[in-house]
Amino acid sequence: MSLSQLEGLVCKICNVSQLRQLHAHLVQNSLHHQNQWVSLLINQCTRLRAPPTYTRLIFDSTPHPSIHVFTSMFKYYSFLGNVHSNQVVSLYQRMQCCDDIWLGTFVYPVLIKSSGSAGIAFHAHVLKLGLGSDQYVRNAIMSVYSKYGPVDHAREVFDEMPERTLVDWNNMISGYWKCGNKVEACKLFDMMPEKSVVTWTAMVTGYARMKDLENARRYFDNIPEKNVVSWNAMLSAYAQNGSPEEALRLFEDMMNSGDQPNETTWAIVISACSSCGNSSPANSLVQKLNQKRIHLSYIGKTALLDMYAKRGSLKIAREVFDELGVYKNSVSWNAMISAYARVGNLTSARDLFDKMPERNVVSWNSMISGYAQNGQSALAIDLFKDMTAANDPKPDEVTMVSVISACGHLGALEIGNWAINILAKHRISLSISVHNSLIFLYSKCGSMDDAKRIFNEMKTKDLVSYNTLIAGFAAHGDGMEAVKLMAKMKEESIEPDRVTYTVILTACSHARLLEEGWKVFESIKDPDVDHYACVVDLLGRVGKVDEAKNIVDGMQKEAHAGVYGSLLNASRIHKRIDLGEFAASKLFELEPHNSGNYILLSNMYASAGKWDDVVRVRETMRNAGVKKATGWSWVEYSGKMHKFIAGDRSHELSDGIYRLLAELGRKLRNAGYIADKACVLRDVEEEEKEEMVGTHSEKLAVCFALLVTEAKSVIRVVKNLRVCRDCHTAIKMISKLEGRKIILRDNNRFHHFSDGLCSCGDYW
DNA sequence: ATAGGGTTAG
């Protein structure tokens, strides 16, 4: 078989298994020693998107690869993107043993462009070889500078050229767009002697990167002769910037224009369908794909997988994933992992994460954020520690957003500070999201001054920045600051959303700002049930319990447990047994297994001195088989979270902690502390042991901190259930007796104890 | 041979 015969044959090959057969045939006849033939095969691997393991097998079975073979391999790797730049560099080291240097102008451009950021290192090398004046080499150098910066170096090369081709201009323009330099990009565009469809498309993409869809569209509409790539650029501009519906409308135009979609087009359109508001575009797209018997690339299939997952068909998504077989790349694995993580199936997500061959930063991010968003903050942080221990891949800003907010949820400021150091160490860019996560961290750790400082340092703030800081003020009972911040937000013309209204109403309610809160509530165009719950809480807290009931009765929407919960809590505070019993009866219908409702009702009776009813509620609760939720408290000490629960002795310092608790108990009683009767009754009933009275989790946590920390340091305790009155009283007194500042956080509210007082004011 | 478009994480 001659080379030209082989060429004719390989062009007809349309899948990898045929390619595999041909390779086996060549090896059998020892033809794989002939480098031209191997080169041809590897080029076909690029065309057919053969998996890297197989392509590399062809290369590795070649005894003496020529520069041609190396070049084909570089081209293959560069086609796969920059994920394989390590292999490229190590191949380059092997290539230096070849002596046909005359091919330098042929191999260097593709080598430089396929080795990612390492390509910059070849600049000096090619100058030494005297290849600096070759237009292709120069072009590669320019493109690597424009990709990995500094773009000014690209410009120097550009300026030194005796004459510039159209390609050089285009390259330079996209270089400026990549680093966000709109001014220079536009300047060059206007200066250009002639433009091509590539130039115009680069402008469309550039404006899309700046999220300026109007200008992107303006340039797109001006393209004299559009091609698939220009359509794709505009389609993805819409799809990537939150306008999937617009993308699909444009796709209709494209279909009518006569330009045929390619694999890239389908990938964009599929991903647009996965972020649409409803499923009907996705359904009709699937129909269209089947009708036209479209062959999707592995990228299109990955987009399809993601679409099924986001539309709730996890099973079909998994089928697509499994069908991908050896064509799975890290993106497909990541898409499947995040699909599982999104629905809270962390076991399956972790299973894939552990199995996947090459984890990149997105894989780690998907898994870490999966834990973080499903309430597993500690696991998120543990996994992040594994990531930093491996030191590969390096964390990026997405990683840090998840990790920092996980620290916030736990109230882990020490670990949070360690994470902040990592930000500096890896020079991770402080995006708006990172700033927002820092505001969240400091708010949740009780450092509102730091939260405010971060907020004020931000050049651009978004809706989330405002919402997070307002939520911080709400949790700290600082209603006026919250109201002021909402006014400022309107000045900056950032529109409040439903979250803003929820947190601002919470803030007003905690600070008992009736007038301000009511004004906010009245300004909400279409309040949802959460807002009703907040306003009922607001009215109830200040004593307008009947008005609160009227709101509930007059609601346009069906009340949920939060609404009745607010009403019950208000009835407890103001001893309105009649309303409390009404609210509780509704709650027992809506949430028969929520122990909190029984406790609230029982505490209402307790505060009214109706002890018989207290006992009766406890009995009902026991008979209904409702178990009290476990009220963990935890303290961070020396980078670790120490967890406590009432009566538990599993902590290694338990003996010391209980001894200190008993000692403190004596001191407190001498100072006039009387254990809350409701607590006594509850503890005796549940633990059946007198000695257990007072071993609430938050007291254990405080004692632990007193035992291990320095005398002047602030104690920070987080509790995952509402703090009871008994603990509140006890801790107030402890702060005075021990001269300590104690910050206690329950789910969403802060208590700053100092010198026998609490910042929240006594709200029992 | 060189320039413009694609999937995943927050």
Side-chain angles (χ1 to χ4, degrees), chain A residues 71 74-75 78 81 103 105-110 112-113 134-143 146 165-175 177 195-206 208 219-220 223 226-237 239-240 261-272 274 296-307 309-310 324 328-339 341-342 360-370 372-373 395-405 431-434 436-437 464:
Chain A
T71 308
F74 292 146
K75 249 187 261 170
S78 89
L103 274 169
T105 58
F106 176 75
V107 65
Y108 274 102
V110 59
I112 290 169
K113 297 184 69 187
D134 179 83
Q135 65 159 314
Y136 297 109
V137 173
R138 248 177 11 204
N139 202 272
I141 292 289
M142 261 181 65
S143 85
S146 58
T165 64
L166 180 60
V167 179
D168 296 317
W169 285 91
N170 290 339
N171 214 337
M172 202 57 237
I173 287 182
S174 69
W177 278 120
K195 302 169 178 61
S196 70
V197 58
V198 178
T199 325
W200 287 93
T201 307
M203 295 303 278
V204 173
T205 319
Y219 277 83
F220 175 77
I223 301 179
K226 297 180 186 58
N227 62 16
V228 213
V229 183
S230 355
W231 284 101
N232 290 347
M234 197 60 227
L235 285 170
S236 82
Q240 299 286 311
N262 64 7
E263 289 177 349
T264 304
T265 320
W266 292 113
I268 300 169
V269 174
I270 292 170
S271 84
S274 44
L296 291 176
S297 69
Y298 69 101
I299 291 176
K301 283 186 182 149
T302 303
L304 196 67
L305 178 172
D306 183 58
M307 185 183 86
K310 283 186 176 150
L324 275 165
K328 286 197 279 282
N329 65 359
S330 52
V331 178
S332 339
W333 283 91
N334 294 343
M336 201 64 228
I337 289 173
S338 60
R342 212 169 10 240
N360 61 15
V361 69
V362 177
S363 329
W364 287 89
N365 290 351
S366 309
M367 200 61 233
I368 290 174
S369 81
Q373 294 192 340
D396 66 3
E397 52 181 280
V398 178
T399 326
M400 300 318 288
V401 169
S402 294
V403 171
I404 292 171
S405 77
S431 63
I432 297 185
S433 299
V434 174
N436 292 346
S437 71
V464 179

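We name chains A, B, ... by the order of the sequence lines, and we start the count at 1 in each one.
- The residue V434(A) sits apart from the nucleic acid: no heavy atom pair falls under 4.0 Å.
- Between F220(A) and W231(A), the ring-plane angle classifies as perpendicular under the 30° and 60° cut-offs.
- The phosphate of dA9(B) (OP1 or OP2) has a side-chain N or O of R342(A) nearer than 4.0 angstrom.
- Using a 4.0 Å heavy-atom cutoff across all strands shown, Q373(A) reaches sugar-phosphate atoms only and no base atom.
- N262(A) contributes a side-chain N or O that forms a donor-acceptor pair with the base of dG5(B) under 3.5 Å.
- Among the atoms of the strands shown, base atoms are found under 4.0 Å from some heavy atom of S297(A).
- Residues satisfying the ring-ring contact (aromatic ring centres under 6.0 Å, His included) test with F74(A), not counting sequence neighbours, are none.
- Taking the ring-ring contact (aromatic ring centres under 6.0 Å, His included) definition, one finds that Y298(A) meets it with nothing, sequence neighbours left out.
- Heavy atoms of T264(A) sit under 4.0 angstrom from at least one base atom.
- A close approach under 4.0 Å does occur between a side-chain nitrogen or oxygen of S236(A) and OP1 or OP2 of dG6(B).
- Nucleic acid contact class of I299(A) (heavy atoms, under 4.0 Å, all strands): base.
- The side chain of T205(A) places no N or O atom within less than 4.0 Å of a non-bridging phosphate oxygen (OP1 or OP2) of dG4(B).
- Within the 4.0 angstrom heavy-atom criterion, base atoms lie near D396(A).
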